[in-house]
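Okay, structure first, notes after.
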2 protein chains.
Amino acid sequence: MSLYTIAQASEEVELTPYTLRYYEKEGLLPNVIKDSAGRRKYRDDDLQRIGFIKCLKGTGMSLKQIKEYGDLYEQGKAKFKERNAMLEEHREKILQEIKTQKKYLKMVEAKIQMKI
Amino acid sequence: MSLYTIAQASEEVELTPYTLRYYEKEGLLPNVIKDSAGRRKYRDDDLQRIGFIKCLKGTGMSLKQIKEYGDLYEQGKAKFKERNAMLEEHREKILQEIKTQKKYLKMVEAKIQMKI
DNA sequence: TCTTGACTTAGAGTTAACTTTAACTGTTAG
DNA sequence: CTAACAGTTAAAGTTAACTCTAAGTCAAGA
């Protein structure tokens with residue numbers, strides 16, 4: 001049961017403390033606890049959650065949608081179906097995006113080969 | 001030698017007229033001609049250029065960098081090396097990004113499978 | 001001739017996602 | 001005890017990339 005200060009968590013997840021506080025303010029991290037002096041303490045669970053947020057954000061999901069997903073997640077198995085539907089839809093989006101990236105890669109490579 | 005109005009070009013490249021004018025203002029489209037009434041006329045060359053801008057932008061290059069690339073392009077073969085160096089660096093970035101996307105895809109798929 | 005509609009410009013407004021500031025508080029080392 | 005330090009908050013500021021508004025121009029059809 002390790003607890004991280006915001007500086008340590010920041011280091012761990014490669015996001016600034018500003019960003020971590022911002023995510024919390026936006027409701028993406030509803031379960032971060034605070035010590036007696038009011039300072040945030042991040043648990044492994046929190047870091048995992050941040051990791052998944054980075055995954056969703058890195059694949060083009062907006063913070064607004066990530067919050068929606070997180071809100072469903074907070075409601076447990078009652079919202080399992082909705083939540084998974086979101087992920088499945090997002091999965092398609094990622095697959096499509098990878099295809100597009102590959103197409104663009106070819107375009108860039110063609111341009112490199114052009115030699116003009 | 002077909003010429004397109006901004007509305008037609010907009011349709012063709014799937015960007016709004018606002019965006020096309022904005023790109024031009026930012027110096028990304030230096031060669032768009034105008035008719036006697038001052039209205040933009042897009043040539044096939046312009047549409048091709050816009051297509052490549054979309055490729056670069058879609059793979060995460062900022063408009064600022066795209067302009068840098070375009071400026072080198074305008075200087076012809078004198079700047080060929082620099083220009084191609086940019087593209088080769090960008091190519092690496094795309095390859096890396098595709099890898100990351102694939103990793104994230106796996107994370108999402110794992111979460112879907114979790115059934116909790 | 002009049003009006004409609006598609007264009008023009010400069011400049012203001014918007015949005016997402018941070019990022020910084022200012023003022024403050026609690027903990028710790030000397 | 002006090003100075004330095006790492007955190008806190010609310011709110012303001014920043015940036016990129018659009019997106020829209022207002023006021024005007026021009027050409028074509030009734």
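Below, chain A is the first sequence line, B the second, and so on; all start at residue 1. Please read all numbers here as calculations on a predicted model, not as lab measurements.
Between A:E97 and A:Q101, the side chains place a donor N or O and an acceptor N or O closer than 3.5 Å (distance only, hydrogens not considered).
Look at CG on A:L28: it is 10 Å from P on C:dC18, rounded to the nearest Å. In this structure, A:L29 atom CG and C:dC18 atom P are separated by 12 Å, rounded to whole Å. Going from atom OH of A:Y18 over to atom P of D:dT14 covers 14 Å, rounded to whole Å. For the pair B:I6 CD1 and D:dC20 C1', the computed distance is 14 Å after rounding to whole Å. Rounded to whole Å, atom C1' of D:dA11 lies 14 Å from atom CD of A:E26. If you measure from atom CZ of A:R40 to atom P of C:dT25, you get 17 Å, rounded to the nearest angstrom. At whole-Å resolution of the value, CG in B:D35 and C1' in C:dC7 are 9 Å apart. In this structure, B:L20 places its CG atom 13 Å from C1' of D:dT19, rounding to the nearest Å.
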Hey, what are the protein-to-nucleotides 11-14 of chain C N/O distances that come in under 3.5 Å?
none

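A pairwise comparison of heavy atoms in A:K93 and A:G60 identifies NZ-O, 3.2 Å as the closest pair. Minimum heavy-atom separation, B:G38 to B:K34: O-CD, 3.3 Å. Considering all non-hydrogen atoms of both residues, B:I6 and B:P17 come closest at CD1-O, 3.8 Å. Here the shortest heavy-atom pairing between A:Y42 and A:R40 reads OH-CD, 3.3 Å.
The side chain of A:Y22 lies closest to C:dA17 when the candidates are C:dT20, C:dA17, D:dG7. Here the nucleotide nearest the side chain of A:A7, chosen from D:dT21, D:dG7, C:dT9, is D:dG7.
Taking hydrophobic clusters as Ile, Leu, Val, Met, Phe, Trp and Tyr residues chained together by side-chain heavy-atom distances below 4.5 Å, A:L95 shares a cluster with B:Y104.
Within a heavy-atom distance below 4.0 Å of DNA chain C, no residue of residues 90-100 of chain A is found. Contacts between residues 53-67 of chain A and DNA chain C, counted as heavy-atom distances below 4.0 Å, involve A:K57, A:S62, A:L63.
Residue A:Y23 places at least one side-chain N or O under 4.0 Å from the OP1 or OP2 atom of C:dC18. Distances shorter than 4.0 Å separate none of the side-chain N or O atoms of B:T16 from OP1 or OP2 on D:dC18. At C:dT9, one or more side-chain N or O atoms of B:K34 fall inside 4.0 Å of OP1 or OP2 (strictly under the cut-off). Close to D:dA17, at under 4.0 Å from its OP1 or OP2, lies no side-chain N or O of B:T19.
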Evaluate side chain to side chain contact (heavy atoms under 4.5 Å, CB included) for A:F52 paired with A:Y73, printing each intermediate quantity in order. CA-CA 12 Å; A:F52 198 58; A:Y73 188 81; over 6 Å; no
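Annotation: side chain of A:P30 is in contact with side chain of A:R49 (closest heavy-atom distance under 4.5 Å).
Note that CZ of B:R83 and CG of B:L72 are 7.5 Å apart. Values are rounded to the nearest 0.5 Å. For the atom pair CD1 (B:I53) and CG (B:L28), the distance works out to 4.5 Å, reported to the nearest 0.5 Å. Rounded to the nearest 0.5 Å, atoms CG (B:L105) and CD1 (B:I98) are 12.5 Å apart. Within the model, atoms NZ of A:K99 and CD of A:Q96 stand 5.5 Å from one another, a figure rounded to the nearest 0.5 Å.
Residue-level contact check: B:R21 touches the bases, meaning some heavy atom is under 4.0 Å from a base atom.
With sequence neighbours left out, the side chain to side chain donor-acceptor pair (under 3.5 Å) criterion links A:N84 to no other residue. Not counting sequence neighbours, the partners of B:E109 by the salt bridge (Lys or Arg N to Asp or Glu O under 4.0 Å) test are A:R91.
Mapping A:K41 and B:L15 onto DNA chain D via the closest heavy atom, the residue that lands nearer the 5' end is A:K41.
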Which letter, B, S or -, goes with each nucleotide of nucleotides 22-30 of chain D from 5' to 3', with contact meaning a protein heavy atom under 4.0 Å? ----SS---
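The existence of a salt bridge linking A:R43 and A:D46 is confirmed by a sub-4.0 Å separation between a basic side-chain nitrogen and an acidic carboxylate oxygen.
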